[in-house]
Visitor: 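This is the structure I want to talk about, given as C-alpha cells.
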Amino acid sequence: MKIIGIETSCDETAASIVEDGTTLLSNVVASSMEIHAKYGGVVPEIAARSHIEAIMPVIDEALVAANTSLSDIDAIAVTKGAGLGGSLLIGVMAARTIAITSNKPLYGVNHVEGHVYANFLTNSPLKGYSFTGSQPTFPMLAIILSGKHTQLVLFKNHFDYEILGIATDDAVGEAFDKVAKMLGLPYPGGPVIGQLALKGNKTAYPLPYANVGTYDFSYSGLKTAVLRLCQSLIGENHTFPSTKLSERLNEAQKADIAASFEYTAIKTIVDKVKKANLQYSPASIVVAGGVAANQELRRQLLNSGLHVNAPDLKLCTDNGAMIATLGYYCHINGVHKADPFSLDIVPNLAM
Ligand code: KG4
Ligand code: ZN
C-alpha cells in the first residue's frame, strides 16, 4: 500500500512516497531556507510564495523518484497543522485537489505527531539512508524536539497517547536558534551551534537547569543566562544589545558558549527521559524533530544506557516521509479521514 505524504508547514516544501508504513520509496525536500537566512528567521510571506512555486514539481519528483504514478497511490496524507497559515494552505490545497481529481482518500494529519512516525520507517531502496531495521513497540516514549515543540509523550498505541510534559515557554530548537543569533551565527541555529560546540569546552561555563514541572521544559531562562554570560564576558551590563555581542566575543569564547549551552540544553532533556523511563518502563523510546539530529543529544542518550531509536538525520527535520508514514496508520485504522472538499488548515493544532 503506497501513501503520498505532503508537508508544507514551515519553509520546506516536501513530498514522499512510503510503502506499507515501513519502506521509504522517495523523499523530496525543497527548502526556501537560503532566502530566510538573511532575515534571521522564516518570513511567512516568502515561505508561502516559495511553496506555490515548488509544490507541484516536488510532488511530481516524489512520484518519479519512487518509480510510480498517482494511479498507483492508495491514499494522500497532508499536514493540516501546526504551522504557518499561508504555508499550510498550499500543501492542503494541493492535497485536496489531488484527492478530488484522483478520487483517493485524504488524511489531514498533525505535523508534530508526524515527526514521531519517522521512527516507523525501517528500510529503503534509496541510497544514503540508515535505519535500525525494526519498528518501535508500544508502550513507546516519544521525545519530540523541534523548533516549536519540546514534549515527552507516552504512546500506548497508534493514536492513543498521553502527554507527559511540554515546553512552558521557548522550545529547545528555538533556544538553539536564539543563542546562535547572539553568537552571530546564521539561521537555523541548531546545526551551526552543534558544529561550533565541537571546538569548545562544555564545562567552561556552568549554566542553570530549569526547575519546572516533572516532565515540562523551560528554555527561556537558559537563553537569558547565555545572554548575561555573553554580556559579562565582554565587560558590559544587561543593557548591552544582543545584536552587538558577536563582534566583541572571540572565537574561543563563542565555541565554549556554544558547547556549554548545548550540553545544558540537552542534559535537561536526557535527565527527564531517564526519569520517565523509570516511572513508565516503556517498551521503546524514540526521539523526533529537528533537534533529534543533534549529536550531543545522541551522545548523551547513548551514555545514559537507554536504548533510544532516532531517525536518519535527513528524516529528523521536516519531510514528507514522516507524514506519509503517519498517513499509512491513519488509513489502516480509519483515523483523521478528511473531506477533500472541506479539509481546512489548523495553524495552532495541538497534539
Ligand atoms: O522539526 P523541525 O525541522 O521544524 C519544526 O517543526 O519546528 O525543527 C527545526 C529546529 C530548528 O530550531 C533547528 O535549529 C533545530 O531544529 N535543529 C537542530 C539541529 N538541526 C536542526 N538543533 C540542534 N542540533 C541540530 N543538529
Ligand atoms: Zn517540524
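The residues of the chain are indexed from 1 along the displayed sequence. Predicted, not measured: the structure shown is a model, and the values here were computed from it. Ligands are counted one by one from 1 in listed order, and the atoms in each one are counted from 1 as well.
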Visitor: Could you tell me whether Asp170 and Lys178 have a side-chain N and a carboxylate O separated by less than 4.0 Å?
Guide: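 Yes, this pair counts.
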Visitor: Could you list each N/O atom of ligand 1 together with any protein N/O atom closer than 3.5 Å, one pair per line with the distance?
Guide:
from: ligand 1; atom 1: 1 (O); to: His115; atom 2: NE2; distance (Å): 2.9
from: ligand 1; atom 1: 1 (O); to: Gly290; atom 2: N; distance (Å): 3.0
from: ligand 1; atom 1: 1 (O); to: Asp318; atom 2: OD1; distance (Å): 3.4
from: ligand 1; atom 1: 3 (O); to: Asp318; atom 2: N; distance (Å): 3.3
from: ligand 1; atom 1: 3 (O); to: Asp318; atom 2: OD1; distance (Å): 3.3
from: ligand 1; atom 1: 4 (O); to: Asp318; atom 2: OD1; distance (Å): 3.3
from: ligand 1; atom 1: 4 (O); to: Asp318; atom 2: OD2; distance (Å): 3.4
from: ligand 1; atom 1: 6 (O); to: His111; atom 2: NE2; distance (Å): 3.1
from: ligand 1; atom 1: 7 (O); to: Gly147; atom 2: N; distance (Å): 2.8
from: ligand 1; atom 1: 8 (O); to: Gly147; atom 2: N; distance (Å): 3.4
from: ligand 1; atom 1: 12 (O); to: Gly173; atom 2: O; distance (Å): 3.1
from: ligand 1; atom 1: 12 (O); to: Asp177; atom 2: OD1; distance (Å): 3.4
from: ligand 1; atom 1: 12 (O); to: Asp177; atom 2: OD2; distance (Å): 2.8
from: ligand 1; atom 1: 14 (O); to: Asp177; atom 2: OD1; distance (Å): 2.7
from: ligand 1; atom 1: 14 (O); to: Gly190; atom 2: N; distance (Å): 2.9
from: ligand 1; atom 1: 20 (N); to: Gly290; atom 2: O; distance (Å): 3.4
from: ligand 1; atom 1: 24 (N); to: Asn294; atom 2: ND2; distance (Å): 3.1

Visitor: Can the positive tip of Lys156 be found less than 6.0 Å from the middle of the six-membered ring of Tyr161, inside 45° of the ring normal?
Guide: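 Judged by the rule, Lys156 and Tyr161 form no cation-pi pair.
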Visitor: Do the charged groups of Asp271 and Lys275 touch, with an N to O distance under 4.0 Å?
Guide: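 So Asp271 does not pair with Lys275 through a salt bridge.
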Visitor: How far apart are the C-alpha atoms of His158 and Tyr329, what are their side-chain angles, what is the distance that settles it, and do they pass the ring-ring contact (aromatic ring centres under 6.0 Å, His included) test?
Guide: CA-CA 7 Å; His158 297 294; Tyr329 290 97; 4.1 Å; yes
Visitor: I'd like to know if Glu45 pairs up with Arg49 as an ion pair, taking the criterion as any Lys NZ or Arg NE/NH1/NH2 lying under 4.0 Å from an Asp or Glu carboxylate oxygen.
Guide: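 Salt bridge: yes.
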Visitor: Around the Zn ion (ligand 2), how many protein N, O or S atoms are there at under 2.8 Å?
Guide: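 With waters ignored, the protein N/O/S count below 2.8 Å is 3.
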Visitor: Quick one: is the NZ or CZ of Lys314 closer than 6.0 Å to the six-membered ring centre of Tyr129, and within 45° of its axis?
Guide: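 Cation-pi check for Lys314 and Tyr129: passes.
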Visitor: Ring centroid separation for His331 and Tyr107, is it under 6.0 angstrom?
Guide: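 Centroid distance His331-Tyr107: below 6.0 Å, so yes.
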Visitor: Taking 4.0 angstrom as the limit, do Arg248 and Glu236 come out as a salt bridge?
Guide: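 Looking at Arg248 and Glu236, the cut-off is met.
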Visitor: Between Tyr219 and Phe176, does the ring centroid distance fall short of 6.0 Å?
Guide: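 No, they do not, as the ring centres are separated by 6.0 Å or more.
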